[in-house]
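The next block holds one structure in the form of structure tokens; read it before the comments.
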Amino acid sequence: DYQLSSAISILKYRFTSSEIATSAGKTFITFLVYGYLKHIGQLKRMMIIVPNTNLVMQLNDDWEEYSNGKIPSMRIRMVYGGTKDNDPSA
């Protein structure tokens with residue numbers, strides 16, 4: 001319930017803040033927001049900044065699991081220390 005409530009709050013109020021505990025589903029909430037905005041055509045790109053490399057890979061894995069192939073236009077580009085930033089399609 002709180003994950004859906006947080007996603008709705010983020011969508012309803014452009015500038016909002018949510019305090020969500022560890023392992024409470026922040027990745028899922030961002031996925032819900034992304035999916036909705038993409039569905040209604042209000043989003044072209046989204047950048048998510050996380051504090052370490054492990055979370056970059058975890059977010060990528062989780063989003064692929066959540067989408068289950070149902071968001072065909074979703075392309076995730078992971079950028080972190082040691083990666084080359086030379087992809088013109090990103």
Side-chain angles (χ1 to χ4, degrees):
D1 289 342
Y2 62 88
Q3 293 167 336
L4 187 55
S5 176
S6 290
I8 290 169
S9 177
I10 290 167
L11 292 166
K12 189 174 181 180
Y13 305 106
R14 183 173 178 177
F15 298 104
T16 187
S17 177
S18 298
E19 186 174 343
I20 302 169
T22 302
S23 298
K26 291 180 285 293
T27 303
F28 184 62
I29 293 166
T30 58
F31 180 78
L32 290 173
V33 170
Y34 169 83
Y36 178 76
L37 292 174
K38 189 75 170 172
H39 176 72
I40 64 170
Q42 294 293 313
L43 182 71
K44 285 186 174 184
R45 297 180 186 173
M46 181 177 194
M47 179 177 7
I48 300 171
I49 301 171
V50 295
N52 64 47
T53 304
N54 293 335
L55 293 176
V56 172
M57 291 181 264
Q58 178 184 338
L59 185 127
N60 180 57
D61 294 342
D62 289 347
W63 275 38
E64 285 179 0
E65 180 182 333
Y66 298 152
S67 72
N68 199 23
K70 292 188 167 75
I71 303 179
S73 62
M74 183 176 76
R75 292 185 329 219
I76 297 175
R77 175 142 186 260
M78 299 183 292
V79 177
Y80 48 89
T83 60
K84 302 234 186 243
D85 189 20
N86 58 3
D87 184 0
S89 68

What pairs with Tyr66 under ring pair (Phe, Tyr, Trp, His ring centres under 6.0 Å), at least two apart in sequence or on another chain?
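Tyr66 satisfies ring pair (Phe, Tyr, Trp, His ring centres under 6.0 Å) with Phe28, Phe31 only.
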
Between [atom1] on residue [X] and [atom2] on residue [Y], distance to nearest 0.5 Å:
X     : Y     : atom1 : atom2 : result
Tyr13 : Ser18 : OH    : OG    : 11.5 Å
Asp62 : Glu64 : CG    : CD    : 9.5 Å
Thr53 : Gln58 : OG1   : CD    : 12.5 Å
Leu55 : Asn60 : CG    : CG    : 12.5 Å

For the side chain of Lys26 and the backbone of Ala21, is there at least one donor-acceptor N/O pair under 3.5 Å apart?
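Judged by distance alone, yes, a pair lies under 3.5 Å.
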
Under 3.5 Å donor-acceptor, Ser6 side chain and Tyr2 backbone:
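Pair found, side chain donor or acceptor close to backbone of Tyr2.
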
Where [X] and [Y] come nearest, the two heavy atoms and their spacing:
X     : Y     : value
Ile10 : Val33 : CG2-CG2, 3.9 Å
Met46 : Thr30 : CE-O, 4.2 Å
Ile48 : Trp63 : CD1-CZ2, 3.6 Å
Lys38 : Lys44 : NZ-O, 3.9 Å

Between Tyr36 and Leu32, is any pair of side-chain heavy atoms under 4.5 Å apart?
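Answer no - side chains too far apart.
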
If you group Ile, Leu, Val, Met, Phe, Trp and Tyr whenever their side-chain heavy atoms sit less than 4.5 Å apart, what else falls in with Ile8?
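Result for Ile8 is Leu4.
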
Side chain to side chain contact (heavy atoms under 4.5 Å, CB included) involving Ile49 - partner list, sequence neighbours excluded:
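Side chain to side chain contact (heavy atoms under 4.5 Å, CB included) list for Ile49, sorted by chain: Met47.
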
